[in-house]
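Here is the structure we will look at, set down as structure tokens.
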Amino acid sequence: MAPPLIDKLMECAKAIEDGELKHADSLFKEIGLQSSTEANLATRKVVKYFAEALVRRLYQLYPRNPMPLVRFREDTDIIGCKFEPFLSFASYTIMPPFYDALRGKKQVHIIDFSVTVDIWQHATLMKVLANELGSRLSYRITFVGPKLSRHLGYLKLMSLILSKTAENNHIDFEYEEYLANSVAEIVGATLQLARRSKEEAVVVEWEFELHKLLAVPTAVFNLVMSKLKDLKPEVMVIVEQEADHNSPDLVDRLTKSFNYYSVMFDSLEEDKFEKLENYRVLWERIFRSQISKVVAAEGVGHAERHETWAQWRDRLFRAGFHPARIMFRETMLFNNKTNQYRIEEKNRRPLLCRLDYPFAISSAWKPDLTHDESLSMEICDLGSMLGSFNIAQDAIRESGKASSSVSHEDDADDDIIMMKGNVWSTECFSINQVAASAEIFDILEYVCHVHDLPMALTWISDRRADDKNSREKFRLHVVDTACFVNDVGMKGFFEACVEGPPLEEGQGVAGKALQSKMQFVPDVADLDAIDYPFLHAAWEFGLHAVLAIKLASTYMRSVDYILELVFPLEMREISAQSLLVNEIVSILQKNSRNSWIVCNEELSRANIGSEVEIMAEEVRTITITPAAIPASQPPELSEIGSLNSSQARYLCNILYPPGDEVRVPETHDQEVEQQNSIFRPAADQFNTSEVEIMAEEVGTNTITQAAIPASQPPELSGWLSSFSWLNPPGDEVRVPETHDQEVEQQNSIFRPPAAPFPEYEVDSCHCNTGTSNKRRRTSEVWQYFDEVRENGEVWAKCRNCSKKYRGESTRGTTNLRKHLRLCTGKK
């Protein structure tokens with residue numbers, strides 16, 4: 001613990017509540033300086049997150065999505081989004097009362113209020129019940145829980161796993177769900193629940209979700225409990241955090257919650273977890289969000305409160321439930337010496353503790369059917385009961401949201417990320433720094449989640465002096481609270497950047513973006529280790545394309561922020577990378593509000609390529625700069641600014657035929673060189689306004705196969721049809737008629753005959769002169785393959801093993817080369 005830091009946080013909370021923002025700002029500055037020297041990493045994090053929570057409360061700075069977004073790639077991610085001690089404790093204490101209540105029942109209905117369905121818990125329970133029953137079991141799950149991803153495939157995966165388990169055990173299985181992120185949605189879903197028959201055995205599970213109802217009036221809470229009571233459940237099991245975070249006094253709530261989450265973060269830093277070790281970064285993000293909600297002002301939107309079992313007991317008594325015993329034995333939760341969790345008894349109920357500090361408690365409840373004081377009512381009567389609390393319409397609207405998971409499609413993108421908050425103070429630099437980090441974090445969470453980026457870093461520059469003529473170079477430092485790790489496997493790279501040296505201005509991708517507003521590198525592996533200090537870490541984690549964008553804050557003009565976004569590791573196509581650059585810039589501009597200036601707003605989606613400089617070891621003096629690409633280029637050519645070194649050379653070979661790429665007579669080389677010298681710009685500046693390149697027929701000046709290297713990569717094949725921007729209408733290059741005649745004469749020499757030949761392939765992407773132009777296969781790989789045509793498709797057939805691959809020229813030869821290395825028939 002760090003008592004001085006806690007005291008300053010409390011003083012800061014009081015100052016904010018009293019409206020003394022200048023005093024609060026000075027306290028935030030002191031907290032930042034003291035926490036940076038705190039030896040305990042867990043304490044440093046908790047202090048930062050509580051300071052952030054106070055600023056979010058001040059500026060009402062909250063994302064529209066109330067739950068942290070989770071990246072689901074495999075089945076373990078479904079349970080990985082739950083803190084492992086909580087997950088194990090819930091499974092351990094829920095199973096016994098459910099088994100006792102459901103054994104021997106032919107029809108089972110489990111109403112599951114939780115973050116995600118515990119698919120392994122349900123799979124085990126349905127197997128045990130089916131084996132003991134001796135006849136066919138009907139197993140029904142109704143899931144009510146939050147939407148954790150904009151990509152809803154994880155819901156289908158949960159349903160698929162459970163359906164397959166039921167099928168293998170000859171169980172009649174039914175699964176339905178209500179996605180409920182808000183309290184209104186939980187209430188609306190609850191009001192739809194129904195018991196199908198008297199023979200159906202109903203059980204209810206609340207797994208770390210019931211506390212959300214503490215944000216609503218007591219009447220609404222009683223309404224939900226009354227609806228569940230009307231279902232006559234065999235048992236209702238509640239697992240909740242054992243904490244008193246529901247005091248109306250902010251300082252009291254802050255003090256208790258700080259102690260609770262300090263122990264929680266100690267666990268994240270010190271304990272070893274058996275199954276889900278890699279998910280620590282996700283759990284930290286979830287608890288960070290909880291801290292913001294606990295500190296938030298009262299209200300339904302982003303407030304979260306917790307209560308102890310004694311407080312829950314009083315509420316549930318009044319709602320018509322009485323406690324039931326859960327049979328368990330005290331035990332260590334994990335079988336290792338580095339984990340300090342154990343289960344002990346409190347009030348005859350299982351309590352999860354770390355060391356001597358209580359974390360969570362599980363309790364069982366049964367409806368008191370001897371009393372007829374039911375609070376049930378129709379939805380239309382809800383409004384009069386709630387008074388001024390505006391939840392009736394929400395409940396009615398949300399009550400129609402039930403749907404089967406198999407029918408879900410991914411959500412349509414809504415690029416507005418943040419809720420409308422309060423205006424920032426222009427006199428509170430330290431407070432605004434915390435606010436900026438929080439807002440950037442929320443934006444990066446959305447961008448990384450929607451576009452599946454593995455990670456995004458945030459850098460901040462040194463604070464500038466008032467002297468605008470100063471030529472001093474600035475340094476960039478990682479703002480750890482404003483970074484977002486979407487792929488848990490990238491945590492190591494993030495830590496390397498946080499612990500590593502700061503970047504000098506002009507160094508690395510972020511350092512260059514500080515100078516040029518935006519910097520895109522198709523492959524960071526091409527950078528130099530001196531220029532990019534994290535090169536070896538980038539190799540280790542397989543990084544490729546990286547985009548860095550400068551943000552200028554309208555409230556803090558003395559510093560700049562650089563967002564460094566890592567593109568999906570499998571994304572290698574230039575066109576896909578360019579499209580993603582456009583989309584990211586568009587999202588940032590839409591969410592800049594009045595807080596940010598994105599690249600000084602001089603960058604548009606139409607000229608992104610003109611702002612991107614190629615950075616690769618082999619480019620040497622060949623660089624595509626803004627002078628080389630006009631700002632008026634069409635959007636589809638924005639990818640040119642993101643060529644790698646090889647593609648840049650190919651493009652330059654097209655513009656400047658070197659003569660050794662195409663086998664032609666020497667006289668032709670000399671004539672072409674003479675023609676190119678007429679139109680070639682000066683060596684020190686590549687001026688495209690003086691160059692005419694046409695992929696399709698424009699008069700008689702045509703790019704033929706003699707002018708295009710046969711070995712160009714397939715990525716370039718689609719560009720030539722769009723090169724009209726190099727010679728826009730009205731700006732035709734005027735050349736002597738004799739030149740046209742000479743070019744036409746050369747084309748007639750090298751133009752292939754109109755009639756097709758089997759040994760040639762049509763390559764229409766190179767030219768379009770009204771006839772089919774064909775060229776021979778030039779790659780040495782074709783000496784091991786035969787070209788065959790089947791049903792109009794071109795195939796490459798291995799001469800050694802007869803295996804076939806698609807053989808169109810646009811597909812390249814990568815697969816063919818890979819096959820040769822592994823070919824079993826090769827002699």
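Below, each value reflects all heavy atoms present in this structure, side chains not excepted, and no hydrogens, waters or symmetry copies.
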Measure the CG-SG distance between Leu453 and Cys448 for me, rounded to the nearest 0.5 Å. 4.5 Å
Side-chain donor or acceptor of His151 paired with backbone N/O of His449 under 3.5 Å: yes
Heavy-atom closest pair, residues Leu61 and Ala438: CD2-CB, 4.1 Å
Contact check, side chains of Ser553 and Arg557, non-hydrogen atoms, under 4.5 Å: no
Rounded distance [0.5 Å steps], CG in Asp480 versus OG in Ser437: 8.5 Å
Can you name the nearest heavy-atom pair linking Leu148 to Cys81, along with the distance? CD1-SG, 3.9 Å
Calculate, to the nearest 0.5 Å, the distance between atoms OH and CZ belonging to Tyr446 and Arg64 respectively. 9.0 Å
Would you sort out whether Met490 and Val281 count as a side-chain contact (heavy atoms from CB on, under 4.5 Å), showing the intermediate values? CA-CA 10 Å; Met490 297 297 292; Val281 63; over 6 Å; no
Roughly how far, to the nearest 0.5 Å, is CG of Leu157 from CZ of Phe72? 9.5 Å
Would Asn65 and Ile417 satisfy side-chain contact (heavy atoms from CB on, under 4.5 Å), going step by step from the backbone distance to the final call? CA-CA 8 Å; Asn65 189 79; Ile417 301 169; over 6 Å; no
So, the side chain of Trp459 versus the backbone of Leu503: is there a donor-acceptor pair under 3.5 Å, distance only? no
CG of Leu152 to NZ of Lys156: how many Å apart, nearest 0.5 Å? 8.0 Å
Checking the side chain of Asn181 only, and the main-chain atoms of Lys147 only, is there a donor and an acceptor separated by less than 3.5 Å? yes
Mind checking the CG-CD1 spacing from Leu457 to Ile562? Nearest 0.5 Å is all I need. 12.0 Å
Does Asp523 pair with Arg572 as a salt bridge, N-O distance under 4.0 Å? no
Do the side chains of Leu444 and Cys483 get nearer than 4.5 Å, heavy atoms only? no
Test salt bridge (Lys or Arg N to Asp or Glu O under 4.0 Å) applied to Glu495 - qualifying residues, sequence neighbours left out: Lys491
Looking only at heavy atoms, which two atoms of Pro68 and Glu445 are closest? And how far apart? CA-OE2, 3.4 Å
Under the ring-ring contact (aromatic ring centres under 6.0 Å, His included) criterion, do Phe567 and Phe520 qualify, and how do the steps go? CA-CA 10 Å; Phe567 279 28; Phe520 177 66; 5.4 Å; yes
Check the pair Val447, Leu563 against side-chain contact (heavy atoms from CB on, under 4.5 Å), reporting the backbone distance first and the verdict last. CA-CA 11 Å; Val447 172; Leu563 309 186; over 6 Å; no
Within a strict 4.5 Å, meaning less than it, do heavy atoms of the His451 and Ile587 side chains meet? yes
Determine yes or no for a side-chain-to-main-chain donor-acceptor pair under 3.5 angstrom, with Glu439 supplying the side chain and Met418 the backbone. no
Are Asp442 and Arg56 close enough for a salt bridge, meaning some N to O gap below 4.0 Å? yes
Counterpart residues, salt bridge (Lys or Arg N to Asp or Glu O under 4.0 Å), relative to Lys803 (two or more places apart): none
Check: Asn582 main-chain N/O paired with Ser586 side-chain donor or acceptor under 3.5 Å: no
What verdict does the side chain to side chain donor-acceptor pair (under 3.5 Å) test give for Trp596 and Gln589, after you've listed the backbone C-alpha separation in whole Å, the side-chain angles of each residue and the deciding distance to 0.1 Å? CA-CA 8 Å; Trp596 301 100; Gln589 289 176 336; over 6 Å; no
The criterion is side chain to side chain contact (heavy atoms under 4.5 Å, CB included); which residues satisfy it with Asp560, sequence neighbours excluded? Ser461, Arg464, Leu514, Lys550, Ala552
Is a salt bridge present between Arg71 and Asp77, judged by a nitrogen-to-oxygen distance below 4.0 Å? no
Answer whether the closest heavy-atom distance between the side chains of Arg285 and Phe441 falls below 4.5 Å. yes
Run the side-chain contact (heavy atoms from CB on, under 4.5 Å) test on Glu564 and Met455 for me, step by step, so that the C-alpha distance in whole Å, both residues' side-chain angles and the decisive distance to 0.1 Å come before the verdict. CA-CA 9 Å; Glu564 185 174 349; Met455 184 185 64; over 6 Å; no
Answer yes or no: is there a side-chain heavy-atom contact under 4.5 Å between Phe474 and Glu504? no
For Glu790, is there an ion pair with Lys804 - N to carboxylate O distance below 4.0 angstrom? yes
Mind listing the closest non-hydrogen atom pair of Leu569 and Leu543 along with its distance? CD2-CA, 4.0 Å
Answer yes or no: is there a side-chain heavy-atom contact under 4.5 Å between Leu551 and Ile597? no
Hey, would you say the Trp424 and Tyr59 ring centroids sit under 6.0 Å apart? yes
Pair Glu787, Trp782 - check side chain to side chain donor-acceptor pair (under 3.5 Å), show working. CA-CA 8 Å; Glu787 180 183 316; Trp782 281 98; over 6 Å; no
Provide the closest heavy-atom pair for Ala538 versus Val524 in the form atom of the first, atom of the second, distance. CB-CG2, 3.9 Å
Could you walk me through whether Arg288 and Glu52 pass the salt bridge (charged side-chain N to carboxylate O under 4.0 Å, His left out) test, one step at a time? CA-CA 9 Å; Arg288 174 184 182 177; Glu52 175 188 276; 2.5 Å; yes
Which pair of heavy atoms, one from Phe541 and one from Gly489, lies closest together, and at what distance? CE2-O, 3.4 Å
Report yes if some heavy atom in the side chain of Ile549 is under 4.5 Å from a heavy atom in the side chain of Val585; otherwise report no. yes
Between Leu565 and Val546, is any pair of side-chain heavy atoms under 4.5 Å apart? no
